[in-house]
Amino acid sequence: MTHPLRIVDVFAEAPREGNQLALVLDAGDLTTDEMQSIAAEMNYSETTFVIGRESRDGGYDVRIFTPAHELPFAGHPTLGTAWTIRNEWAEGAELISLNLGVGTVPVRFEPQADGSAMPWLTAPPITLGDTFDHAAIAAQLGLEAGDLDTRFPVQRIDAGIIVTTVPVRTLEALRRSRLQPGFGELVSQPFAAAHLFCPEPYSKENDLAARFFFEATGPREDPATGSATACLGAYLLEHDWFGSRELSLRIEQGIEIKRPSLLHLKGREYDGERLIEVGGRVIPTVRGELL
């Protein structure tokens, strides 16, 4: 049996930018092992499988796989999958919800001046966890302790995928950063991920620059990470980075690996609760069939 296959670029302002995502549609007849095998063969950071064309309990059933394992949530697969479902089956919908491992995640579509619609996901509940020694973390990122902004913590944050958020002082230091062997052991995470950010963007129209390294597949860098950006939103609010209870930011990522990405982040805090949204443009690149 063949399955429709789509490839899209997420957080992309132009073709062949952003983070690539492969989607397999009508995947209800595939086993977990088959999905994992296909994701390994695709070898993108994530591949999503849309189980059917009908929503269930208000959302579409979707599973997300890396080449090595299944994830309960990830940002760019959520946005790219909701955009594709809307494009394929629900054109004009203002809201598409996905049933993921963390629960049902809503994605809203915001009209743009060019007539397109940009998806925004509402992040699942985010937990801020342990903090780490600045000097020890810096060494595992190929940096000096003085390269980190020690006014703010290095902190583990969980949004369904766990990341370590690292404040870096300058763009020059951010560009020097490289994940070193042993980072996962230091932060006690078998699939350790480091999300570095700094207040000096590459382009003056943007607000922050970021890099993301994922130890599970070697010192791999991801061009755009929606879930890590959601974690960053919670971190910025928790530590009063901008001195405001509301955020509206443009974040650059993927510059160093020649896949420039632009992530939009909104956040607000009220009555002790945080609402974090991550958005970005999606560009279709491939339509085909998976044999």
Side-chain angles (χ1 to χ4, degrees), residues 11 19 45 74-76 123 126-202 206-242 247 249-257 259 261-263 265 267 274 276 278:
F11 303 121
N19 203 350
S45 54
H76 96 274
I126 297 172
T127 303
L128 283 77
D130 295 340
T131 60
F132 302 98
D133 178 73
H134 289 84
I137 290 291
Q140 291 298 321
L141 294 169
L143 299 174
E144 302 294 330
D147 290 323
L148 304 191
D149 190 336
T150 56
R151 298 174 301 166
F152 300 93
V154 174
Q155 191 163 23
R156 176 186 293 134
I157 306 181
D158 185 350
I161 182 171
I162 298 174
V163 302
T164 301
T165 300
V166 184
V168 179
R169 292 179 53 246
T170 66
L171 184 60
E172 184 275 332
L174 187 72
R175 298 182 76 155
R176 277 192 284 113
S177 60
R178 298 288 186 276
L179 192 66
Q180 308 296 311
F183 180 83
E185 183 178 354
L186 176 63
V187 299
S188 302
Q189 288 294 324
F191 302 111
H195 192 223
L196 290 68
F197 75 97
C198 87
E200 295 182 356
Y202 295 84
N206 299 325
D207 300 294
L208 298 173
R211 300 185 75 179
F212 180 90
F213 298 98
F214 189 46
E215 190 181 59
T217 52
R220 177 176 183 167
E221 185 171 353
D222 226 325
T225 50
S227 53
T229 299
C231 291
L232 176 59
Y235 176 98
L236 296 171
L237 287 173
E238 175 72 15
H239 300 294
D240 202 23
W241 183 279
F242 291 103
L247 304 172
L249 304 174
R250 293 160 54 99
I251 300 173
E252 309 161 325
Q253 198 174 314
I255 308 297
E256 294 300 320
I257 54 174
R259 290 285 298 189
S261 303
L262 182 63
L263 302 95
L265 172 65
R274 289 185 294 263
I276 307 294
V278 177

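Computed over heavy atoms, backbone and side chain alike; hydrogens, waters and symmetry mates excluded.
- Panel note: side chain T170, backbone A173; a donor-acceptor pair is recorded below 3.5 Å.
- The closest donor-acceptor contact from the side chain of R169 to the backbone of G146 lies under 3.5 Å.
- To the nearest 0.5 Å, the span separating CD on E172 from OG on S177 amounts to 10.0 Å.
- Taking CG of D147 as the reference point, atom CG of D149 lies at 11.0 Å (rounded to 0.5 Å).
- Put simply, CG on L208 and CG on L236 are 6.5 Å apart, with the number rounded to the nearest 0.5 Å.
- Of all the heavy atoms in L174 and A210, the pair that sits closest is CD2-N, 4.1 Å.
- To the nearest 0.5 angstrom, R176 atom CZ is 11.0 Å from L171 atom CG.
- Using a 4.0 Å cut-off between charged nitrogen and carboxylate oxygen, D222 and R211 do not count as a salt-bridge pair.
- The minimum heavy-atom distance between C231 and A159, with the atom names listed, is SG-CB, 3.6 Å.
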As a quick check of understanding, evaluate side-chain contact (heavy atoms from CB on, under 4.5 Å) for I137 and V187, giving each step before the final call. CA-CA 9 Å; I137 290 291; V187 299; 3.8 Å; yes
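- Annotation: side chain of L262 is not in contact with side chain of F11 (no heavy-atom distance under 4.5 Å).
- Looking at heavy atoms from C-beta onward, S261 lies out of side-chain contact with E252 at the 4.5 angstrom threshold.
- The number of heavy atoms from other shown groups lying within 6.0 Å of CD (E200) is above 12.
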Please determine whether side-chain contact (heavy atoms from CB on, under 4.5 Å) holds for the pair T225 and H76, giving the CA-CA distance in whole Å, both sets of side-chain angles, and the decisive distance to 0.1 Å. CA-CA 6 Å; T225 50; H76 96 274; over 6 Å; no
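- By the 4.5 Å heavy-atom criterion applied to side chains, T165 and V154 are not counted as neighbours.
- Nearest heavy-atom pair across L265 and G233 is CD2-CA, 3.7 Å.
- Side-chain atoms of L148 and L143, non-hydrogen and from C-beta on, do get closer than 4.5 Å to each other.
- For the atom pair CZ (R274) and CG (L247), the distance works out to 11.0 Å, reported to the nearest 0.5 Å.
- One finds the CG atom of L196 at 9.0 Å from the CD atom of E221 (value rounded to the nearest 0.5 Å).
- Looking at heavy atoms from C-beta onward, F214 lies out of side-chain contact with S45 at the 4.5 angstrom threshold.
- A 4.5 Å side-chain heavy-atom check between W241 and P167 finds at least one atom pair inside the cut-off.
- Closest non-hydrogen pair, I126 versus A234, comes out as CG2-CB, 3.7 Å.
- Under 3.5 Å, the side chains of Q253 and Y202 contain no donor-acceptor pair of N or O atoms.
- Under a 3.5 Å cut-off, the side chain of N206 and the backbone N or O of R250 do not form any donor-acceptor pair.
- Here the side chain of H134 pairs no donor or acceptor atom with the backbone of V166 at under 3.5 angstrom.
- Taking the six-membered ring for Trp and the full ring otherwise, Y235 and F197 have centroids separated by under 6.0 Å.
- With Q180 contributing its side chain and R178 its backbone, the two residues share a donor-acceptor pair below 3.5 Å.
- In this structure, A138 and E144 approach most closely via the heavy-atom pair CB-O, 3.5 Å.
- Closest heavy-atom contact between I276 and G267: CD1-CA, 4.1 Å.
- A 4.5 Å side-chain heavy-atom check between I251 and T229 finds at least one atom pair inside the cut-off.
- The closest side-chain heavy-atom distance from Q140 to L179 is not below 4.5 Å.
- Remark: R156 engages D130 in a salt bridge, criterion side-chain N to carboxylate O under 4.0 Å.
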